[in-house]
Protein chains: 2
Amino acid sequence: MAQAQVPDVVVRRLPLYLRTLTYMEDRGQEVVSSTELGEWTGFSPAQIRRDLSYFGEFGKQGLGYPVRYLREQLESILHVDQQWHLVLIGAGALGHALVKYHTFRRWNYHIEAVFDNDPEKIGQAIDGLTIQPMSELARTIKEKHIDIAILAVPAEHAQEVGEQAVAAGVRAILNYAPINLALPPEVHVSHIDPVVNLQSITYYL
Amino acid sequence: MAQAQVPDVVVRRLPLYLRTLTYMEDRGQEVVSSTELGEWTGFSPAQIRRDLSYFGEFGKQGLGYPVRYLREQLESILHVDQQWHLVLIGAGALGHALVKYHTFRRWNYHIEAVFDNDPEKIGQAIDGLTIQPMSELARTIKEKHIDIAILAVPAEHAQEVGEQAVAAGVRAILNYAPINLALPPEVHVSHIDPVVNLQSITYYL
DNA sequence: GCGTGTGAAACAATTCACAGCG
DNA sequence: CGCTGTGAATTGTTTCACACGC
């Protein structure tokens, strides 16, 4: 139940445990040990047991963890057991790919509306969603009780667009633009920048 | 110069420093202090000084760091001062977006070829690159001295496709499929999975 | 004075190792 | 016996605080 003292590194590992548990459950596996979960995810058994123990006692001594029960618990901890309403800002090639990415829906993340400032794009549809002008952003966020905005705009517009989304009530941002956003600390910002990943990789090559 | 004892957390922060320095240099800024870099990136001044000190002494006491010099040094450390040759596997909506993503080229990451196993897609072009059948993958990786493969395939094919790329000589993988890859430890694997980011976010909401 | 670079100190995360229970 | 949950020990990371040089 969202203890404040849970380290953020632990929170970032939970989705990886959840992903693996879901995979195992789909294959009919009923019990898993911390050792086996570790082989799948690359973390040590002790670390996995410690991580889970922040949230409760989910395992059975001598046996392991019931896959289905642990999966349900993790979904509850990560608040994946409810619907989340998002908007996407930026209808370029990346925006198109994100709207069509089925895995979002599978995990209860629903893109409710798409925005762009290009008059050519406004009115067109992606996967059943009509691209709206930026002037509609605030109204939609308020009316549809949007929690999260995905930013897929050029870097030079990301700050401004992020501010607009926050002003309209968004509490978290998933930012695909390769730039740091300066936003109030209560807004949760997460970055995806493949160049950052590639540069960490090529350090080691 | 690639000291083995540099912690991975440090390596993962370097691209963020580099990004900010490039931004500052584009705006004509010549000198930056660790405090100012910290304000832009969200890290503490002490941490930034410590991180950089793993690689050398780049600053001037009483002044700060010369932006251009530090940017060059970081590019050298991250091996961004050379061309990197990549292949993209998977020509779906995400694959299309990645081929068209200009920021890769800006940082010397060049997608040299695109592969897919869908007969409908083979022969079509994305941004000047013809989609090739998977049967050509190994030959291309060898002939073009490809270092890195980007995986943008469905989760159920990622393991097999990753193995093919590694067998043909790729040393690193950027994996967009939402599944863990089991590959030899000398292969560097980096993951991008927006659902993982969203689940960490919604933990806090 | 200002800001780096860095020992030393403080804090955080991971691993060890074992009691306890099924 | 096998495996969890967890104190204690260890290892890793960040911050403090200051000598030094511009």
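Within a 6.0 Å radius of CZ in A/R106, other residues, nucleotides and ligands contribute more than 12 heavy atoms.
Checking D/dT14, D/dG5, D/dT15 against the side-chain heavy atoms of B/A46 singles out D/dT15 as nearest. With C/dT4, D/dT4, D/dT15 as the candidates, the nucleotide lying closest to the side chain of A/Q61 is D/dT4. For B/S53, the side-chain atoms get nearest to C/dT6 when compared with the rest of C/dT6, C/dT15, C/dC18. Closest approach to the B/Q47 side chain among C/dT6, D/dG5, D/dT14 is made by D/dT14 (side chain taken as heavy atoms from C-beta onward). Which of C/dA17, C/dA13, D/dT15 sits closest to the side chain of A/P7 comes down to C/dA13. With C/dG3, D/dC3, D/dT15 as the choices, the nucleotide that has an atom nearest any side-chain atom of B/S33 turns out to be C/dG3.
Atom CD in A/Q5 sits roughly 11 Å away from atom P in C/dA13 (whole-Å rounding). Atoms CD1 (B/I48) and P (D/dC16) sit 14 Å apart, rounded to a whole Å. Rounding to whole angstrom units, CD of residue B/Q73 and P of C/dG5 are separated by 12 Å. Counting to the nearest Å, the P atom of C/dA13 and the CZ atom of A/R12 are 10 Å from each other. Atom pair A/E57:CD and D/dT4:C1' shows a separation of 9 Å (rounding to whole Å applied). Note: OH (B/Y69) to P (C/dT4) measures 15 Å, nearest angstrom. Put simply, CG on A/L52 is 16 Å from P on D/dC3, counting in whole angstrom units. If you take CG of B/L70 and C1' of C/dG5, they are 14 Å apart, rounded to a whole angstrom.
Of the side-chain N and O atoms in B/Y65, one or more sit less than 4.0 angstrom from OP1 or OP2 of C/dG5. A sub-4.0 Å separation between OP1 or OP2 of C/dT14 and a side-chain N or O of A/R13 is present. Taking only side-chain nitrogens and oxygens, A/R49 never comes nearer than 4.0 Å to OP1 or OP2 of C/dC18. Of the side-chain N and O atoms in A/S44, none sit less than 4.0 angstrom from OP1 or OP2 of C/dT14. Between D/dT4 and A/S34, a contact under 4.0 Å exists linking OP1 or OP2 to a side-chain N or O.
Side-chain polar atoms of A/E163 and A/Q159 form a donor-acceptor pair below 3.5 angstrom. At a cut-off of 3.5 Å, with distance as the only test, no side-chain donor of A/Y109 or A/T103 sits close to an acceptor on the other residue.
No side-chain heavy atom of A/I111 sits under 4.5 Å from any side-chain heavy atom of A/V87. Residues A/I173 and A/I148 have side chains not in contact (no heavy-atom distance under 4.5 Å, counting atoms from C-beta outward).
No contact: B/T35 has no heavy atom under 4.0 Å from any strand.
Counting distance only, with no hydrogens placed and no angle test, the side-chain atoms of B/R50 and the base atoms of D/dT13 include no donor-acceptor pair under 3.5 Å.
Cation-pi contact between A/R19 and A/Y23: absent, since separation from the ring centre below 6.0 Å together with deviation from the ring axis within 45° is not met.
Residues A/V9 and B/G59 both approach DNA chain C. Their nearest nucleotides, taken by heavy-atom distance, put B/G59 toward the 5′ side.
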